[in-house]
2 protein chains.
Amino acid sequence: MSASTKLSSSVKAICFLAESYPTAKTSKEIAENTGINASKLRKLLSLLCKSKIVVSNQGTKGGFQLLKSPKDINLQEIYCSIEDRKAFHLDVSDIIGKDEYDYLGYFNNLFSSIQVDIENKMTKISIQSIMNYLKMKSNF
Amino acid sequence: MSASTKLSSSVKAICFLAESYPTAKTSKEIAENTGINASKLRKLLSLLCKSKIVVSNQGTKGGFQLLKSPKDINLQEIYCSIEDRKAFHLDVSDIIGKDEYDYLGYFNNLFSSIQVDIENKMTKISIQSIMNYLKMKSNF
DNA sequence: TTAATTGTTATAGTAAGTGTAACATTTTTT
DNA sequence: AAAAAATGTTACACTTACTATAACAATTAA
């Protein structure tokens, strides 16, 4: 029950953009500063464009920039932009087998309730709060 | 961020054992009644043996039986028995790259807090309550 | 028109999960 | 002691998902 590294890569990229908000940065610049492959970054950022978290400009002098203030971007919307799956998900679709019991319904109820908890937690965490935490930690 | 079918298979097997608690059943009998492969069942049930949820007896007249009442078995202990990973887990170990910020620590704090929530939810769900739910549903 | 940039597709490699079979081990029964 | 029946464990093939990267198409500004 593991998740991708897409979330942490996205957060790193967005935090980098947030440091010079609202200035635009190219995928190459972001790559050099985060260590994340530029092609991978473009794929992630294009997803974040579709949900209006960042905006992209093609061509010379193009790049990516945040469309919202760091305090108005939360983890949940980032997660939803880059992942099609729910954050907590079990493959139970095959358990509606030969028996008469509705295991599938039972587990789905449980999992969607867990999902709500996770989304609530993620919604409360903004990019700004992540940056504050990281800066505070780096002062030691 | 998906989980295995191991949990639902285990629950099905345990529910079947619970229906005739505390009588022992062979992996073949469980397989015939649940549609789950007998070899897979033995692997799962041997893990559940190690955490004292079921007990196994080899040899003729052997089989598996519940070691505890269905009301005293909860989802959380089943999950922990069969999965080595935490229920909610992100691969963020590679994000401690070239920068000075402690992203890893930040995400770990978040994820362990989510983990606590999930474990609390699972702990509250007993095999007995699952069976009650399923029986109630099958009356329609 | 050229250069620089994003957007998209393709591909190869790795890791994880799944289902099943085969065989070793243990135990009871005769 | 031998045979039968069961669990315990290992191995393997198959599929699926994830990851990283490259290559090229599309777009834009100078």
Side-chain angles (χ1 to χ4, degrees), chain A residues 1-10 12-13 17 23-32 34-51 53-65 67 81-86 89-95 97, chain B residues 1-10 12-13 17 23-32 34-51 53-65 67 79 81-87 89-95 97:
Chain A
M1 192 171 303
S2 151
S4 65
T5 58
K6 286 195 271 184
L7 181 61
S8 47
S9 292
S10 300
K12 278 182 99 169
L17 289 177
T23 310
K25 299 283 182 184
T26 68
S27 60
K28 194 181 169 203
E29 285 174 302
I30 304 173
E32 282 163 357
T34 60
I36 302 165
N37 180 279
S39 185
K40 179 180 173 184
L41 279 170
R42 287 201 296 276
K43 267 193 291 192
L44 288 174
L45 289 166
S46 75
L47 293 172
L48 294 168
C49 282
K50 283 170 187 156
S51 45
I53 294 170
V54 312
V55 67
S56 67
N57 295 107
Q58 279 182 320
T60 308
K61 301 281 177 188
F64 298 93
Q65 68 191 112
L67 205 51
S81 307
I82 57 172
E83 298 280 358
D84 41 357
R85 291 214 182 153
K86 297 292 188 181
H89 169 262
L90 279 178
D91 292 323
V92 287
S93 53
D94 66 330
I95 63 175
Chain B
M1 194 171 301
S2 151
S4 66
T5 58
K6 286 195 270 184
L7 181 61
S8 47
S9 293
S10 301
K12 278 181 100 169
L17 289 178
T23 309
K25 299 284 183 184
T26 69
S27 61
K28 193 181 170 203
E29 285 174 302
I30 305 173
E32 281 162 357
T34 60
I36 303 165
N37 179 277
S39 184
K40 178 181 174 182
L41 280 170
R42 289 201 295 276
K43 268 193 288 191
L44 289 174
L45 290 167
S46 74
L47 293 172
L48 295 168
C49 283
K50 284 172 185 155
S51 45
I53 294 170
V54 312
V55 67
S56 68
N57 294 108
Q58 280 183 320
T60 309
K61 302 281 176 187
F64 298 92
Q65 69 190 110
L67 205 50
Y79 188 90
S81 306
I82 58 172
E83 299 280 0
D84 41 356
R85 291 214 183 154
K86 296 291 188 182
H89 169 261
L90 280 177
D91 292 324
V92 286
S93 52
D94 66 329
I95 63 174

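A, B, ... follow the sequence lines: proteins, then strands. Residue 1 opens every chain. Just so it is clear, the model here is predicted, and its values are computed rather than measured.
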Problem - Minimal non-hydrogen separation, Asn37(A) against Ala31(A), with atom names - result: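 Residues Asn37(A) and Ala31(A), closest heavy atoms: C-CB, 4.5 Å.
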
Rounded interatomic separation in angstrom, taking [atom1] from [X] and [atom2] from [N]:
{"X": "Leu47(A)", "N": "dT19(D)", "atom1": "CG", "atom2": "P", "result": "14 Å"}
{"X": "Lys40(A)", "N": "dT6(C)", "atom1": "NZ", "atom2": "C1'", "result": "18 Å"}
{"X": "Leu41(A)", "N": "dT5(C)", "atom1": "CG", "atom2": "C1'", "result": "14 Å"}
{"X": "Ile36(B)", "N": "dT18(C)", "atom1": "CD1", "atom2": "P", "result": "12 Å"}

Problem - Distance below 4.0 Å between Asn37(A) side-chain N/O and dA20(D) OP1 or OP2 - result: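 For Asn37(A), the contact criterion (side-chain N or O under 4.0 Å from OP1 or OP2 of dA20(D)) is not met.
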
Practice task
Check side chain to side chain contact (heavy atoms under 4.5 Å, CB included) between Thr60(A) and all other residues, then give those that pass, not counting sequence neighbours.
Solution key: none

Practice task
Could you tell me whether a side-chain N or O of Thr34(A) sits under 3.5 Å from a main-chain N or O of Ile36(A), the two making a donor and an acceptor?
Solution key: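 Indeed, once roles are kept as given, a pair shorter than 3.5 Å links the two residues.
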
Handout entry: Main-chain N/O of Thr26(B) paired to Glu29(B) side chain as donor or acceptor, under 3.5 Å
Key = yes

Problem - Minimum side-chain heavy-atom gap Lys25(A)-Gln65(A) below 4.5 Å - result: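 Contact flag for Lys25(A)/Gln65(A) side chains = no.
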
Handout entry: Leu41(A) CG to Lys12(A) NZ distance, which is reported to the nearest 0.5 Å
Key = 10.0 Å

Problem - Sequence-aligned protein contact record of nucleotides 6-14 of chain D, with B where the base is within under 4.0 Å of a protein heavy atom and S where only the sugar-phosphate is - result: BBBBBB---

